[in-house]
Amino acid sequence: YLSTSDRSSWSRRAEWPLAEAPGVDSLRILSIAVEQDASATRVIDIAHAFEVVVVVRRTTESRKANLGIQIEDDAGQVVLLLCDTFADRFSRDQMGELKYRIALPPYLLNVGSYTMSLSADVPNSKLLFTLERVLRWSAESSCPLMGQYRPEAWRAVIGPGIGRWSVEQL
């Protein structure tokens with residue numbers, strides 16, 4: 001568990017050499033990162049899109065395995081759970097070192113601190129491994145409209161700008 005008071009210990013990227021990479025023989029995690037503007041970061045701006053980037057080493061024995069990520073807020077509430085079941089189906093046939101990019105929209109997260117866990121399973125069969133809270137980062141806002149409110153005014157997990165409002169004269 002990483003301290004929430006010392007941001008220097010927060011992770012923007014976790015990396016392992018192949019010999020020490022977590023996982024199982026057929027599926028190893030080489031790195032995982034949160035990226036914004038094409039670089040790993042410990043702090044994202046909620047007003048801009050960001051990505052989760054996972055690099056794996058996959059062999060033919062892992063063809064049926066799914067990768068999943070789980071994002072939690074500081075209270076331990078699961079904010080988002082995603083699985084590569086919805087990725088390009090041809091990715092199952094690719095072996096070797098692969099880079100997965102999960103694109104996430106602006107305002108998906110609100111201002112706060114988050115952790116990410118990663119797991120792999122064979123659907124309806126077995127859990128291969130879980131890496132709990134392998135990354136920790138914060139989300140901040142550069143939006144001038146949100147700056148007119150105190151941070152605790154926006155208490156929802158999802159950022160207030162995710163909805164697109166329109167108005168028409170009747």
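Along the sequence shown, residues are numbered consecutively beginning with 1. What you see is a predicted model; the values in this text were computed from it and never measured.
E140 contributes atom CD, which lies 8.5 Å from atom OG of S113 (distance to the nearest 0.5 angstrom). Here the straight-line distance linking atom CD of Q36 with atom CD of E51 works out to 10.0 Å at 0.5 Å rounding. S138 contributes atom OG, which lies 10.0 Å from atom CG of D74 (distance to the nearest 0.5 angstrom). I32 CD1 to E15 CD: the interatomic distance, rounded to the nearest 0.5 Å, is 11.5 Å.
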| said: side-chain contact (heavy atoms from CB on, under 4.5 Å) for I29 and F129? Distances and angles first, verdict last. | reply: CA-CA 10 Å; I29 306 302; F129 63 86; 3.7 Å; yes
| task | Begin with the C-alpha distance, continue with both residues' side-chain angles, and end with the deciding distance and a verdict on side-chain contact (heavy atoms from CB on, under 4.5 Å) for L104 and L82. | result | CA-CA 11 Å; L104 299 168; L82 298 172; 3.9 Å; yes
| request: Give the intermediate values and the outcome of side-chain contact (heavy atoms from CB on, under 4.5 Å) for residues W137 and T41. | output: CA-CA 8 Å; W137 75 96; T41 184; over 6 Å; no
| Could you walk me through whether L67 and L27 pass the side-chain contact (heavy atoms from CB on, under 4.5 Å) check? | CA-CA 10 Å; L67 284 177; L27 183 62; 3.9 Å; yes
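By the rule that hydrophobic residues join a cluster once side-chain heavy atoms approach within less than 4.5 Å of another member, V34 and V78 end up as members of separate clusters. Side-chain heavy atoms closer than 4.5 Å link hydrophobic residues (I, L, V, M, F, W, Y) into clusters, and following such links, even through other members, never connects V53 to L108. L81 and L128 are not part of a single hydrophobic cluster, where members link through side-chain heavy atoms under 4.5 Å apart.
Here the closest non-hydrogen pair linking Y100 and R58 is OH-NH2, 3.1 Å. A pairwise comparison of heavy atoms in R133 and S117 identifies N-OG, 2.8 Å as the closest pair. When all heavy atoms of L127 and A120 are compared, the closest pair comes out as CD1-O, 3.4 Å. Across all their heavy atoms, A21 and R28 have their closest contact at O-NH1, 2.9 Å. A pairwise comparison of heavy atoms in A139 and N110 identifies CB-O, 3.5 Å as the closest pair. When every heavy atom of A47 is checked against every heavy atom of Y107, the shortest pair comes out as CB-OH, 3.6 Å.
Looking at D25 and T59, their side chains never come closer than 4.5 Å, going by heavy atoms from C-beta outward.
Counting heavy atoms of neighbouring residues, nucleotides and ligands inside a 6.0 Å radius, atom CD of E132 does not exceed 12 of them.
By the 4.5 Å side-chain criterion applied to Ile, Leu, Val, Met, Phe, Trp and Tyr, V55 is assigned to a cluster that also includes L18, L30.
Considering V134, L131, T130, L118 as possible partners of P22, the one that fulfils the side-chain contact (heavy atoms from CB on, under 4.5 Å) test is L131. Of the residues listed (I44, L135, D73, L80), the one engaging Y114 in a side-chain contact (heavy atoms from CB on, under 4.5 Å) is D73, and it is the only one.
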